[in-house]
Amino acid sequence: MAQWRPLDSGAMAPPPPLVSLQAVTVLQGGQPVLQNIHLEVRRGEALRLWGPNGGGKTTLLRLLAGQVAPVAGTRTYALGGQLQRSAVQARRTLRIVGPDAEAFYLTREWVQTVRDVLLAAFEGEALNLWAAAPEALTRLETVAAQTGTAALLDRDFRTLSHGQRRRVLLAAALMPSPELLLLDEFTDGLSEGARAELGQVLTRLQASGVALVLATHRPEEAPPLPWRTVRVEGGQAREESPNPAPTSAHLSLPHATPHSPHPLVRLTNATVYRNGHRALGPLSWTWQAGQHWLVTGENGSGKSTLARLIAGELHPALGGHIERLFLTSDLLSQRRAHIGLVSAEVGIRQRRDWTGREVLASAWSGTEGFAPDLTPAQTAELAQLARTLGINDLLDRLAEGLSQGQLRRLLLARAVLHRPRLLLLDEGLDFLDAGARAAFCALLPDLVRGGTHLLVVAHRAGDALSGLTHHLHLDAGQAAWAGPLGSDSAHLQALP
């Protein structure tokens, strides 16, 4: 290890970059995912990474964090004022705030409270296995107040909403007082209010001298900082400012058919508890045939719980009821055959040694990761959809080796491949670049004409597709508004 020293003239030499990558190459599965990368991250700077799905952004973050090692070139750290090539200190003090960190805790078989997650992070560990030192408890109090997580400390991490989990992971990353903060699609899953609030936290951190690296498909949602922007595509990185966010092509769903005498789904006084916490309800709500619903609300308001309740992944407490009246028999096999669900939890469950083809083929059987042999017609339909969505190159790759955006493209294809009666998109367009979003949305009018009904959980006005007919706004698990959706943004702005 070495330290930088004053120049002979008495002036202090400029500090070296926190991380320096020189001609670095990274392999995954024997194939290069980053090639000849030259990049420096300097103290207190704001660096923004953008580019298409699968371009290498997340791998670059993992390289900076010390989670993967280069096979060629040099990676040098100056953390704590010491120059070194070892990634040990980086592994202890740098965390990536993103979906992969969520997946680690969501796949544990035991309770990890938010307090556990934060105290473990203070020690540079993933799990909290010992009594906390006084300095750790002091830091916990400071960070919880800074990130608005104090009320969540005793909650099981697995029972939090997507946005709440993102907030907790930011708090965990701050526990060791890092010099560098790494953010992967940080704004996905956050309500507009949460984006603004946590954006202010990031602004204060950067002003205090903490460097930020943000990988995003939505650079326009980054807080207003003096960003240096790097495009990552095809394993290459170059400085290039993002183009203005493209205006989404106007997509209008076909006109709703007249309501049938019988509803599709009916909730009666339904309440869902998770880890002793009321996550939804009591809620009485009816989804009629011909209706396409937008569901909104702040993080933790119960939106994802509602989607999972409709899909049959969660169940109402005693005294509440859910009826899926579009099914001839409300069995698990029937629900899976007639409902398509895309959510963060579904993505996490796919992180196995399953190929993209196996992920898609499981749509008809309602299983995950395996399926009976397909009929010739099913095989042809799978191939046609893969061509339409441009995911042929993902069919023979393992799900665990895909980027978040690539995996989400597979899950969206899986959700519509069997032409479900209900399609539930819980922040379903997260992690997608603009081209992938447009390709998927182009499928929806034909699905609707074939009888599919949509429920879209969204935080962004741009994800509320034109043609949705009704709006449910949740507040603390209950319906603050339920009725026809207005034709303009004034309706959304006037929400309770």
Side-chain angles (χ1 to χ4, degrees), residues 106 155 158-165 188-191 194 263-275 277-289 291-327 330 332 335-336 338-349 411 415 420-430 452-460 463-465 468-485 492 495-496:
L106 292 177
R155 295 275 302 276
R158 297 170 300 176
T159 68
L160 301 179
S161 73
H162 185 35
Q164 289 171 326
R165 296 196 299 262
D188 280 346
L190 296 180
S191 67
L264 299 168
V265 178
R266 182 164 55 211
L267 304 184
T268 305
N269 202 37
T271 301
V272 177
Y273 288 91
R274 306 198 65 196
N275 192 36
H277 173 78
R278 181 174 57 84
L280 180 70
L283 178 64
S284 296
W285 170 75
T286 300
W287 186 353
Q288 295 280 1
Q291 295 177 346
H292 304 290
W293 282 84
L294 170 68
V295 180
T296 61
E298 284 295 319
N299 293 130
S301 61
K303 302 183 301 300
S304 294
T305 300
L306 174 62
R308 297 183 69 187
L309 174 63
I310 294 170
E313 293 190 355
L314 299 173
H315 304 281
L318 186 65
H321 301 279
I322 178 169
E323 300 169 271
R324 302 174 185 86
L325 300 169
F326 67 98
L327 297 176
D330 195 352
L332 177 62
R335 292 196 294 268
R336 288 178 167 177
H338 295 284
I339 299 175
L341 171 65
V342 181
S343 68
E345 288 78 11
V346 173
I348 287 165
R349 297 200 297 263
L411 294 179
R421 187 72 184 278
L422 304 184
L423 176 59
L424 315 177
L425 300 179
D426 182 6
E427 302 289 347
L429 303 182
D430 282 358
T452 295
H453 291 71
L454 299 180
L455 183 144
V456 177
V457 175
H459 286 301
R460 302 176 177 94
D463 291 344
L465 305 174
L468 298 178
T469 63
H470 286 70
H471 183 195
L472 173 64
H473 184 75
L474 295 176
D475 182 15
Q478 297 183 307
W481 164 268
L485 179 64
L492 297 178
L495 287 174

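All values below were derived from every heavy atom in this structure, side-chain atoms included, with hydrogens, water molecules and symmetry-related copies excluded.
Rounded to the nearest 0.5 angstrom, H315 NE2 and H321 NE2 are separated by 14.5 Å. Here the straight-line distance linking atom CD of E323 with atom CG of L264 works out to 12.5 Å at 0.5 Å rounding. Within the model, atoms CZ of R335 and CZ of F326 stand 9.5 Å from one another, a figure rounded to the nearest 0.5 Å. Separating the CH2 atom in W293 from the CG atom in L424 is a distance of 14.0 Å, to the nearest 0.5 Å. Between I339 atom CD1 and L327 atom CG the span is 6.0 Å, to the nearest 0.5 Å. In this structure, the separation between OG on S343 and CD1 on I348 is 8.0 Å, given to the nearest 0.5 Å.
Between A480 and D475, the shortest heavy-atom distance links the atoms CB-CB, 4.0 Å. Among all heavy-atom pairs drawn from L294 and A458, the shortest one is CD1-CB, 4.1 Å. The heavy-atom pair separating T271 from G281 by the smallest distance is OG1-C, 4.0 Å. S301 and E298 get closest at one heavy-atom pair: OG-O, 2.8 Å. For the pair G319 and N269, the tightest heavy-atom approach, listed with the atom from each and the gap, is O-ND2, 4.0 Å. Minimum heavy-atom separation, L411 to G347: CD1-CA, 3.3 Å.
Side-chain atoms of V265 and L455, non-hydrogen and from C-beta on, never get closer than 4.5 Å to each other. For the pair P282/Q478, a side-chain contact is recorded, criterion being any heavy-atom separation below 4.5 Å from C-beta on. Between Q164 and R155, the closest side-chain pair of non-hydrogen atoms falls below 4.5 Å. Counting heavy atoms from C-beta on, the side chains of L474 and L280 come closer than 4.5 Å.
Here the side chain of T469 pairs a donor or acceptor atom with the backbone of H292 at under 3.5 angstrom. Of the possible donor and acceptor atoms, one in the side chain of E427 sits under 3.5 Å from a partner among the backbone N and O of H459. Under a 3.5 Å cut-off, the side chain of R278 and the backbone N or O of A476 do form a donor-acceptor pair. Remark: the backbone N or O of G297 is paired with a side-chain donor or acceptor of K303 at under 3.5 angstrom.
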*Decide side chain to side chain donor-acceptor pair (under 3.5 Å) for S161 and N299; before the verdict, give the C-alpha distance in whole Å, the side-chain angles of both, and the deciding distance to 0.1 Å.*
CA-CA 6 Å; S161 73; N299 293 130; 4.8 Å; no
*Decide yes or no on side-chain contact (heavy atoms from CB on, under 4.5 Å) for H338 and R324, but give the supporting numbers first.*
CA-CA 11 Å; H338 295 284; R324 302 174 185 86; over 6 Å; no
_Between V457 and L306, does the side-chain contact (heavy atoms from CB on, under 4.5 Å) criterion hold? Intermediate values first, please._
CA-CA 10 Å; V457 175; L306 174 62; over 6 Å; no
*Would you sort out whether R158 and L106 count as a side-chain contact (heavy atoms from CB on, under 4.5 Å), showing the intermediate values?*
CA-CA 5 Å; R158 297 170 300 176; L106 292 177; 4.1 Å; yes
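When L309, L314, V272 are each tested for a side-chain contact (heavy atoms from CB on, under 4.5 Å) with I322, only one passes: L309.
Between R274 and E313, none of the side-chain N atoms (NZ, or NE/NH1/NH2) sits under 4.0 Å from a carboxylate O, so this pair counts as no salt bridge.
Under the 30°/60° scheme for interplanar angles, the aromatic rings of H453 and W287 are found to stand perpendicular.
Side-chain atoms of H473 and T296 include a donor-acceptor pair closer than 3.5 Å.
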